[in-house]
**Student:** 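After the structure tokens below, expect a handful of questions from me.
Scope of the values below: all heavy atoms of this structure, side chains included, with no hydrogens, waters or symmetry mates. All ligand and atom numbering here is 1-based and tracks the order in the structure.
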Amino acid sequence: MEMIFRWYGKSDPVTLENIRQIPGMKGIVSAIYDIAVGEVWPRETIRELKETTKRHGLELSVIESVPVHEDIKLGKPTREKYIENYQQTLRNLGAEGIKVVCYNFMPVFDWTRTDLAFDLPDGSNALIFEEAVAQKMDPRTGELELPGWDTSYTKDELNALLDEYQAVDEEKLWENLAYFIKKIIPVAAEADVKMALHPDDPPFSIFGLPRIITDQDSLERFIQLYDSPYNGLTMCSGSLGSIASNDFVKMLRYFLDKERVNFVHARNVKLVGPRSFQEAAHLSSAGSIDMYEVIKALSDFNYHGPIRPDHGRMIWGETGKPGYGLYDRALGATYLNGLWEATQKQRNEG
Ligand code: DNO
């Protein structure tokens, strides 16, 4: 596996110098953050990011994300233009040597939490999701804001968008996803860019909006939309593993076997209710996911692709982008690398 670290570009308080000093770190996963959703990413901008990364001794290994315009998810006639733009961005990324693109198909809101700095007994803090609190959150007030969300909408625009989604149920969203996939995967294959769909986080409907990439059956349905290794998945332990009915390790093995795992996000979560969880340190003992079994699965299938430590807690007084501080993620990467070394040695001895 190739260990990489998420970097939010020049405004990220975590620097490329910091990332380079994490033991075993090979590259970064990043994006172009100042181009409006739906516009083409120019080759020069991609090249510039790649060269900045290279100067710091790291590869630009994965793009996370090329966001999908809402008109595509809504299936509006204007989607054609945005799909063409997406195709062109993929061609440009391929031409600059990018091999993996992570994206998601969640309506309006990306990952969602109810508290971004929940105090833990050891003095650290973490992101949590509590179902009862989420049920009382109302995005229509225009006052909610979470990292990862597109915050460029005015309150009126957001409400108009939410209204439009009233005509889109789960089946309609599947239809719109299928339409998109059929148009982009051939282009991704030609450009040699492996697509890695991220599961919905959390993996159930929020704010009355449909969410469809949530469990083994939906991932299976998704890969069957287009039978190609370029139509793959980001297997995210923290997203899929946040409901008890998902056996993440079993799912990971299943999709590794099908050669559809193009990227891995490794994070632990502690389940505290049917639809409530707290993000935890990466160690198996800290949460509900057996991280040894996750890495063992990757080792058993000889996974060569990229993996990143996902959200960390804020520790040692660090402040910054929720989930994306330096210290806890660096500890996570080191722990995951340790598990990997051990499983590799067992493999070679066995
Ligand atoms: C959260 C991330 C997600 C992810 C997107 C992929 O921290 O895992 O925001 O980047 O859903 O498109």
**Student:** At the 4.0 Å heavy-atom cut-off, does Gly323 count as touching ligand 1?
**Tutor:**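 Under 4.0 Å: no for Gly323.
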**Student:** Quick one: do Lys172 and Glu175 make a salt bridge, cutoff under 4.0 Å?
**Tutor:**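 Result for this pair is yes, salt bridge flagged.
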**Student:** Taking 4.0 angstrom as the limit and counting only heavy atoms of His265, give me the atoms of ligand 1 inside it, by number and element.
**Tutor:**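 Near His265, meaning under 4.0 Å from one of its heavy atoms, ligand 1 has 8 (O).
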**Student:** Could you go through the ring pair (Phe, Tyr, Trp, His ring centres under 6.0 Å) check for Phe129 and Phe204 one step at a time?
**Tutor:** CA-CA 12 Å; Phe129 186 91; Phe204 42 81; 5.6 Å; yes
**Student:** Distance to 0.1 Å, residue and atom name: give those for the protein heavy atom nearest to atom 3 (C) of ligand 1.
**Tutor:**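 Atom 3 (C) of ligand 1 sits closest to the protein heavy atom Asp110 OD1, 3.5 Å.
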**Student:** Is it the side chain (CB and beyond), the backbone, both or neither of Arg308 that lies under 4.0 Å from ligand 1, heavy atoms counted?
**Tutor:**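 The side chain, only.
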**Student:** What about Asp310: any of its N or O atoms under 3.5 Å from an N or O on ligand 1?
**Tutor:**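 Asp310 vs ligand 1: no N/O contact under 3.5 Å.
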**Student:** Could you tell me if Tyr230 and Asp192 have a donor-acceptor pair between their side chains, going purely by distance under 3.5 Å?
**Tutor:**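 A pair is found: one side chain offers a donor N or O, the other an acceptor, under 3.5 Å apart.
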**Student:** Does Gln344 offer a backbone N or O that forms a donor-acceptor pair with the side chain of Asn348 under 3.5 Å?
**Tutor:**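 Yes; judged by distance alone, with no hydrogens or angles, the pair exists.
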**Student:** Measure the distance from atom 10 (O) of ligand 1 to every protein heavy atom, then report the residue, atom name and distance (to 0.1 Å) of the closest one.
**Tutor:**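 Of every protein heavy atom, Glu64 OE2, 2.5 Å lies nearest to atom 10 (O) of ligand 1.
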**Student:** Applying side chain to side chain donor-acceptor pair (under 3.5 Å) to Ser61 and Glu2, what does each step give before you reach the verdict?
**Tutor:** CA-CA 9 Å; Ser61 306; Glu2 183 201 4; 2.9 Å; yes
**Student:** Under a 4.0 angstrom heavy-atom cut-off, which atoms of ligand 1 come close to Met106?
**Tutor:**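 Counting from 1, the qualifying ligand atoms are 11 (O).
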**Student:** To check your reading of the model: name the closest protein heavy atom to atom 6 (C) of ligand 1, its residue, and the distance in Å.
**Tutor:**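 Going by distance alone, atom 6 (C) of ligand 1 is nearest to Ser65 OG, 3.1 Å.
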**Student:** Are the aromatic ring centres of His311 and His265 under 6.0 angstrom apart?
**Tutor:**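 Centroid separation for His311 and His265: 6.0 Å or greater.
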**Student:** Check salt bridge (Lys or Arg N to Asp or Glu O under 4.0 Å) between Lys73 and all other residues, then give those that pass, not counting sequence neighbours.
**Tutor:**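 With sequence neighbours excluded, Lys73 shows a salt bridge (Lys or Arg N to Asp or Glu O under 4.0 Å) to Glu70, given in chain and number order.
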**Student:** Provide the number and element of each atom of ligand 1 under 4.0 Å from a heavy atom of Asn104.
**Tutor:**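 Within the 4.0 Å cut-off of Asn104, ligand 1 contributes 5 (C), 6 (C), 11 (O), 12 (O).
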**Student:** Are side-chain N/O atoms of Thr334 and Asn337 paired as donor and acceptor at under 3.5 Å?
**Tutor:**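 Distance-only check fails for Thr334 and Asn337.
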**Student:** Cation over ring, Arg79 on Phe180, under 6.0 Å and within 45°?
**Tutor:**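 Output no; distance or angle outside limits.
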**Student:** How far is atom 8 (O) of ligand 1 from its nearest protein heavy atom, and which residue and atom is that?
**Tutor:**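 Going by distance alone, atom 8 (O) of ligand 1 is nearest to His198 NE2, 3.2 Å.
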**Student:** Who's closest to atom 1 (C) of ligand 1 heavy-atom-wise, of Phe263, Trp111, Trp149?
**Tutor:**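 Of the listed residues, Trp111 has the closest heavy atom.
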**Student:** Please could you name the atoms of ligand 1 that Cys102 approaches to less than 4.0 Å, counting only its heavy atoms?
**Tutor:**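 Heavy-atom distances to Cys102 below 4.0 Å select 6 (C).
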**Student:** Could you pull out, from Arg113, Lys321, Arg6, the option with a heavy atom nearest to atom 2 (C) of ligand 1?
**Tutor:**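 Comparing heavy atoms across Arg113, Lys321, Arg6, the nearest one to atom 2 (C) of ligand 1 lies in Arg6.
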